[in-house]
Every structure is written in C-alpha cells, then in structure tokens.
Amino acid sequence: MIKIITFLGKSISHFLCEKKVIAEQEVEVYQYGFEILISTTLGLLITMAIGIVLNMFFLSVLYYVIFVMVRQWTGGYHADSYLKCNITFAGITFFTLGMTKLSDMSEMYSLTIHGLMLVFALLSVWKYTPVENPNKPLTKEQKKRNHKAALIAIIILEALSCGLYVFFPKVSALIAYTLFSIAVLILISKTEKGGNEYE
C-alpha cells in the first residue's frame, strides 16, 4: 500500500513536470501533496466501507467530516507510514461507529457517559493542542491560532451534541464518540512525545 501511494504520487508529479505544468524543483513538494490527497481519499473510502457494513452510511460521512475538520486544528497521533496510518484510522473509525451503533441499542449509554466523554475531549483539546506533525512544524502564531480554532470547534460541536441528545440520540452519540476518539489520539501522541508542545 505504501509503495502504491508513493508510486502514484511520484507518477502524477513527474507527469505534470513533463507537461510543464509544474517546475522540476517543485516535483517533491507536489509528490508529497498527492500522496496526502490519495491517502485522504483512501481514508474516506475506508470510512464509507465501514459505514456500509454497519448500515450507517450517512453517519459515517458525518463522522469523517467532523474528524477531518477538527483534526486539522488539533493534530494528534501521526503514524510513521501510510499503512499504519490507515490501519489506525480504520480501527478508530470502526470503534467510533460501532460504539455509536451500540449506544442506540444499549441502556448502558447514559447522559453521564455522554457528558464524561465531552468533558474529556474538551480538557484534552484545551491542554494539549495543537499536536504538531513532524513533517509540518508550526510557528508560535500558528499554534495559538490552531489552539483557539480547535477550542471553538469543540465547544460548538459539544453544544450541538448536547442539543441533539433527546431528539437525535444517535447523531448526538456519534459526535461525542468522534470527539472522544480524537482526544484519545491526542493523548497517545503526547504520551509518546512527552510534555506539552503548546506551552
């Protein structure tokens, strides 16, 4: 999988270079960009596939939108290869959608559990974000901006989740589990690196 993504990224970049669309010195930058694009598309396909298997297609797309949107500001765990990245993402996606489905069928899911997940997510984002990608270091100003954007996004989504709890419980649970999963990835990354990058 890694070789395929790299091969496709390299092939597209060299094709554009041959057609004089991009300069030769830009090939590596575009290659990396195409690899990210292909990997992101693969992530969407993985999400939709799991959504179809669990009969949660609409919710799987909603999950993907929330996950990608919030993660661009929070950052989080970054695997050292595309294969590990997609395996980790598939696992997190299956957990989030699976637990959302179970919450709709189980009496164990309560407002207390819901609230604890939201508090955990908010505290994790407030204390530890943004988590930098080693390949894309942030300036001090970017860190402050991303931290603020992440907090605003989390607060809005958590308010939405609480507002939907009675009328649309499955959507409410999906938002809570998605934010909880993002928070777990943040903590895993911080545990590996140690310390607080934002401070």
Side-chain angles (χ1 to χ4, degrees), residues 2 5-6 9 13 22 25-44 46-47 61-93 95-96 114-163 172 174-199:
I2 303 170
I5 293 176
T6 302
S13 301
I22 62 175
Q25 59 267 29
E26 297 176 323
V27 168
E28 288 188 7
V29 175
Y30 275 88
Q31 179 183 330
Y32 177 73
F34 283 123
E35 287 178 18
I36 296 298
L37 179 61
I38 294 167
S39 182
T40 301
T41 303
L42 184 58
L44 177 59
I46 289 171
T47 302
V61 174
L62 179 60
Y63 155 79
Y64 186 79
V65 171
I66 294 173
F67 187 90
V68 171
M69 178 184 68
V70 175
R71 280 266 295 183
Q72 71 175 325
W73 294 310
T74 65
Y77 173 74
H78 292 282
D80 55 11
S81 72
Y82 290 119
L83 180 60
K84 289 181 182 178
C85 179
N86 284 302
I87 289 175
T88 302
F89 178 72
I92 288 291
T93 299
F95 166 80
T96 304
H114 188 84
L116 287 174
M117 286 197 294
L118 295 183
V119 169
F120 174 73
L122 180 61
L123 291 176
S124 298
V125 169
W126 172 71
K127 183 167 178 59
Y128 295 119
T129 62
V131 178
E132 284 186 283
N133 182 335
N135 297 317
K136 293 187 294 183
L138 301 172
T139 64
K140 190 173 182 179
E141 187 59 36
Q142 287 175 321
K143 288 181 181 181
K144 289 182 178 179
R145 185 170 62 246
N146 285 10
H147 182 73
K148 183 177 180 180
L151 275 177
I152 292 172
I154 288 291
I155 291 170
I156 291 174
L157 286 168
E158 291 195 353
L160 183 62
S161 179
C162 291
S172 175
L174 174 77
I175 296 173
Y177 274 115
T178 302
L179 298 182
F180 175 79
S181 297
I182 290 172
V184 169
L185 291 175
I186 290 171
L187 290 185
I188 290 174
S189 181
K190 299 308 295 188
T191 300
E192 288 184 345
K193 295 178 182 179
N196 185 349
E197 290 180 12
Y198 180 66
E199 291 179 344

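Count residues from 1 along the sequence. Fair warning: this is a prediction, and the values are worked out from it, not measured in the lab.
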Check: Do Thr96 and Phe67 touch side chain to side chain, with heavy atoms closer than 4.5 Å?
Finding: no

Check: Does Ile22 have any side chain to side chain contact (heavy atoms under 4.5 Å, CB included) partners at least two apart in sequence or in another chain, and if so, which?
Finding: Leu16, Cys17, Glu26, Val27, Tyr30

Next item on the list: Working to the nearest 0.5 Å, report the span between OG1 of Thr74 and CG of Leu151.
Entry: 10.5 Å

Next item on the list: State which residues pass side chain to side chain donor-acceptor pair (under 3.5 Å) with Tyr63; sequence neighbours excluded, sorted by chain then number.
Entry: Thr93

Item checked: Non-neighbouring partners of Ile155 that pass side chain to side chain contact (heavy atoms under 4.5 Å, CB included), sequence neighbours left out -> Leu122

Margin query: Checking Tyr64 now: which residues fulfil ring-ring contact (aromatic ring centres under 6.0 Å, His included) with it, not counting sequence neighbours?
Written below: none

Notebook entry, point to check: Does any N or O in the side chain of His147 come within less than 3.5 Å of the main-chain N or O of Thr129, such that one atom is a donor and the other an acceptor?
Noted result: yes

Item checked: Distance (rounded to the nearest 0.5 Å) between Ile182 CD1 and Leu157 CG -> 8.0 Å

Next item on the list: Sequence neighbours left out, what passes side chain to side chain contact (heavy atoms under 4.5 Å, CB included) with Val119? Give chain and number order.
Entry: Leu123

Notebook entry, point to check: Counting N and O atoms only, with roles assigned by atom type, does the side chain of Thr47 sit under 3.5 Å from a partner on the main chain of Gly43, one being a donor and the other an acceptor?
Noted result: yes

Note to self: My understanding is that only residues two or more places apart in sequence, or in another chain, count here; which of them pass side chain to side chain contact (heavy atoms under 4.5 Å, CB included) with Ala121?
What the structure shows: Glu158, Leu179, Ala183

Item checked: Heavy-atom closest contact (Thr178 atom, Leu174 atom, distance) -> OG1-O, 2.7 Å

Next item on the list: Could you list all the side-chain hydrogen bond (donor to acceptor under 3.5 Å, both in side chains) pairs where at least one residue sits in residues 114-123, not counting sequence neighbours?
Entry: Tyr109-His114, His114-Ser161, His114-Ser172

Note to self: Rounded at 0.5 Å granularity, tell me how far CG in Leu62 sits from CD1 in Ile175.
What the structure shows: 6.0 Å

Next item on the list: Search all heavy atoms of Gly75 against all heavy atoms of Ile186 and return the closest pair with its distance.
Entry: O-CG1, 3.9 Å

Note to self: Restricting to non-hydrogen atoms, name the atom on Trp73 and the atom on Pro130 that form the minimum distance, rounded to 0.1 Å.
What the structure shows: O-CB, 3.4 Å

Note to self: Checking Phe120 now: which residues fulfil ring-ring contact (aromatic ring centres under 6.0 Å, His included) with it, not counting sequence neighbours?
What the structure shows: Phe180

Margin query: According to side chain to side chain donor-acceptor pair (under 3.5 Å), who are the partners of Gln142, at least two apart in sequence or on a separate chain?
Written below: Thr139

